[in-house]
Amino acid sequence: MPRPKQCRYVSGAPRVTYFKPCGIPMRELEETTLTVEGLEALRLADAEGRTATEAAAGMGISRHTFGRVLAEARRTVARALLHGMALRIEGGDYAVHPCRCRHKEKSMIRKIAVSSEGPSLEDMVDPRFGRAGGFVVVDTATMTTEYVDNGAAQIMPQGAGIAAAEAVSNSGADAVLSGYVGPKAFAALEAAGIRVCQDMDGMTVGDAVRKFLEGGVSFAEAPNAEAGGGRS
């Protein structure tokens, strides 16, 4: 039995849904279709220049799936340009990202991912995001938890923050609590519509979540990418 397609998140519905060569009547044109998630992949990779990992995190899919979506989108656009075809933008397996608004209120946050030194609410917040031991993901409605292991990112020579951001995005989290999130990881989380709260180290995971729910912390602004370094 084939696996069901994973829903791909997009930033919004396309404003323009049809293109055609100038001066040729519609009845004389062949037509090809670009899916909405294909358009989103082109936006992220080609218009904004995001890496495959950042773009995949933004769409809530794996890098392999993103690569396939992007390749098919490029082929569709190339066929339309080379053969003078009309291009319709519609359809696909997509949904508008529920967290795309950068100013999402705390009351709308459903799941929180906390960088943690262990799998429970009693473990300490790991001050590092990219190289944290893992993430305790808390459902704020039920206070149930799940643990996302981050061991693979810990041993990466580079790109740990972006890999961790992808894992957090795949967990369905709406916000991250951590000690420090580097510029590249922050950008990947932002692309996925995930808000960030920093300087949460020195307390347990449970205390960090309670502080967030009680309104004791603020969302962080994107750091300067030129700053680099940091704790990852």
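Put simply, M124 and Y180 are part of two different groups of oily side chains (I, L, V, M, F, W, Y) that touch within less than 4.5 Å, one to the next. No continuous path of ILVMFWY side-chain contacts below 4.5 Å connects L29 to V77, so the two sit in separate hydrophobic clusters. Taken together through direct or relayed side-chain contacts under 4.5 Å among Ile, Leu, Val, Met, Phe, Trp and Tyr, M85 and L34 form parts of separate hydrophobic clusters.
Other cluster members for L82: none, since no ILVMFWY side-chain heavy atom sits under 4.5 Å from it. Clustering of Ile, Leu, Val, Met, Phe, Trp and Tyr by side-chain heavy atoms under 4.5 Å joins I162 with none of the others.
Legend: residues meeting side chain to side chain contact (heavy atoms under 4.5 Å, CB included) with P25, ordered by chain and number and at least two apart, are R27, E28. In this structure, the side-chain hydrogen bond (donor to acceptor under 3.5 Å, both in side chains) partners of T53, at least two apart in sequence or on a different chain, are R63. Residues passing the side-chain hydrogen bond (donor to acceptor under 3.5 Å, both in side chains) test with E48 are R43, R50, sequence neighbours excluded. For R75, the side-chain hydrogen bond (donor to acceptor under 3.5 Å, both in side chains) partners are E72, not counting sequence neighbours. Judged as a side-chain hydrogen bond (donor to acceptor under 3.5 Å, both in side chains), and not counting sequence neighbours, N150 has no contacts. For R74, the side chain to side chain contact (heavy atoms under 4.5 Å, CB included) partners at least two apart in sequence or on another chain are L42, A45, D46, L70.
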### Task
Start with the C-alpha gap between E146 and K111, add the side-chain angles, then the distance that decides, and say whether salt bridge (Lys or Arg N to Asp or Glu O under 4.0 Å) holds.
CA-CA 10 Å; E146 60 179 301; K111 282 189 173 184; 3.5 Å; yes
#### Entry: Steps toward side-chain contact (heavy atoms from CB on, under 4.5 Å) verdict (F129, V196)
CA-CA 11 Å; F129 174 76; V196 176; over 6 Å; no
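Between D174 atom CG and I112 atom CD1 the span is 8.5 Å, to the nearest 0.5 Å. One distance of note links CD of E40 with OG1 of T35; it measures 10.5 Å at 0.5 Å rounding. To the nearest 0.5 Å, the span separating OG on S169 from CD1 on I61 amounts to 9.5 Å.
Residues F66 and M59 form a side-chain contact, since some pair of their non-hydrogen atoms from C-beta on lies under 4.5 Å apart. No side-chain heavy atom of E30 sits under 4.5 Å from any side-chain heavy atom of R79. Taking the side chain as every heavy atom from C-beta outward, S115 and R128 never approach each other to under 4.5 Å. Residues S120 and V205 form no side-chain contact, since every pair of their non-hydrogen atoms from C-beta on lies 4.5 Å or further apart. Using a 4.5 Å cut-off on side-chain heavy atoms (C-beta onward), S116 and F135 make no contact. In this structure the side chain of L177 never reaches within 4.5 angstrom of the side chain of V125, judged on heavy atoms. Looking at heavy atoms from C-beta onward, V168 lies out of side-chain contact with V148 at the 4.5 angstrom threshold.
The backbone N or O of M156 lies less than 3.5 Å from a partner atom in the side chain of R131, making a donor-acceptor pair. Although no hydrogens or angles enter the test, the distance criterion places no donor-acceptor pair under 3.5 Å between the side chain of E166 and the main chain of S62.
When every heavy atom of F186 is checked against every heavy atom of A220, the shortest pair comes out as CZ-O, 3.5 Å. Of all heavy-atom pairs spanning D126 and S178, the tightest one is O-OG, 3.8 Å. Of all heavy-atom pairs between A165 and A188, the closest is CB-CB, 3.7 Å. Between G179 and D201, the shortest heavy-atom distance links the atoms CA-OD1, 3.7 Å. Between R8 and V69 the shortest heavy-atom distance is NH1-CG2, 3.4 Å. What you find for G130 and A153 is that their closest heavy atoms are O-CB, 3.7 Å.
Evaluation of the salt bridge (charged side-chain N to carboxylate O under 4.0 Å, His left out) test over residues 150-163, restricted to residues two or more places apart or in two chains, returns none. Here salt bridge (charged side-chain N to carboxylate O under 4.0 Å, His left out) pairs that include residues 113-123, with residues two or more places apart or in two chains, number zero.
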Which atom pairs, donor and acceptor, lie under 3.5 Å between side-chain atoms of residues 15-22 and protein residues at least two apart or in another chain?
{"residue": "Y18", "atom": "OH", "partner": "E31", "partner atom": "OE1", "Å": "2.6"}
{"residue": "K20", "atom": "NZ", "partner": "I24", "partner atom": "O", "Å": "2.8"}

Determine all donor-acceptor pairs shorter than 3.5 Å in which one atom belongs to a side chain in residues 137-144; sequence neighbours excluded.
{"residue": "D139", "atom": "OD1", "partner": "R110", "partner atom": "NE", "Å": "2.7"}
{"residue": "D139", "atom": "OD1", "partner": "R110", "partner atom": "NH2", "Å": "3.4"}
{"residue": "D139", "atom": "OD1", "partner": "A141", "partner atom": "N", "Å": "2.9"}
{"residue": "D139", "atom": "OD1", "partner": "T142", "partner atom": "N", "Å": "3.4"}
{"residue": "D139", "atom": "OD2", "partner": "R110", "partner atom": "NE", "Å": "3.2"}
{"residue": "D139", "atom": "OD2", "partner": "R110", "partner atom": "NH2", "Å": "3.0"}
{"residue": "T140", "atom": "OG1", "partner": "I109", "partner atom": "O", "Å": "3.2"}
{"residue": "T140", "atom": "OG1", "partner": "R110", "partner atom": "O", "Å": "2.9"}
{"residue": "T142", "atom": "OG1", "partner": "T144", "partner atom": "N", "Å": "3.3"}
{"residue": "T142", "atom": "OG1", "partner": "T144", "partner atom": "OG1", "Å": "2.8"}

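Of the options L81, T33, T32, a side chain to side chain contact (heavy atoms under 4.5 Å, CB included) to L87 is made by T32 and by none of the others.
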